[in-house]
**Q** 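Below are the structure tokens for one structure; questions will follow.
Excluded from the calculations below are hydrogen atoms, water molecules and symmetry mates; all remaining heavy atoms, backbone and side chain alike, are included. These figures come from a predicted structure and were not determined experimentally. For ligands, and for the atoms within them, numbers begin at 1 and follow the listed sequence.
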Amino acid sequence: MPKLVRFGVSMEEGLLARFDALIRELGYSNRSEAIRDLVRERLVRHEWEAGEEVVGVIVLLYEHHKRELPDALIDLQHRHHRLVIATMHVHLDADNCLEILAVRGPGPELQRLAEHLRSLKGVKHGQLAVTSTGRTLP
Ligand code: NI
């Protein structure tokens with residue numbers, strides 16, 4: 001268990017009131033946990049912006065009937081096999097497929113891969129969500 005350190009923070013009354021209202025709405029039981037999450041979020045964003053290794057998922061919604069699309073998706077994933085660590089395919093209904101790619105690598109490379117996948121004809125929507133590898137985040 002990492003050692004906890006207490007520290008004081010000064011801020012304007014109105015800012016703190018808004019923060020308290022927000023974290024109450026979000027379901028936090030105390031300020032400390034909310035502030036820890038804010039710090040972690042900022043650290044992950046910094047890792048991402050600095051081009052450090054991060055992990056994430058790319059979700060793609062695409063048309064099942066575009067016959068050439070699955071080949072293009074698979075080719076692209078093979079070309080970037082160092083970034084793509086796992087995939088899951090869900091047949092949503094008769095016409096729609098959901099593909100979920102677990103990815104790991106430098107943030108900008110993951111972003112480029114996600115944009116390339118999203119640009120393929122027949123992909124209706126695509127999104128990348130990233131987090132830390134966990135090794136750098138207490
Ligand atoms: Ni499918």
**Q** Can you count the protein N, O or S atoms that lie less than 2.8 Å from the Ni ion (ligand 1)?
**A** 3
**Q** Taking Arg118 for its side chain and Gly126 for its backbone only, find out whether a donor-acceptor pair lies under 3.5 Å.
**A** yes
**Q** Report the residues that fulfil ring-ring contact (aromatic ring centres under 6.0 Å, His included) with His78, sequence neighbours left out, ordered by chain and then residue number.
**A** none
**Q** Given the rule that I, L, V, M, F, W and Y join up when any side-chain heavy atoms are under 4.5 Å apart, are Leu61 and Met88 in one cluster?
**A** yes
**Q** Going by an N to O cut-off under 4.0 Å, is there a salt bridge joining Arg36 and Glu33?
**A** yes
**Q** Are Asp95 and Glu63 close enough that some pair of their side-chain heavy atoms sits under 4.5 Å apart?
**A** no
**Q** Will you find, in the side chains of Glu99 and Thr87, an N or O donor that is under 3.5 Å from an N or O acceptor?
**A** no
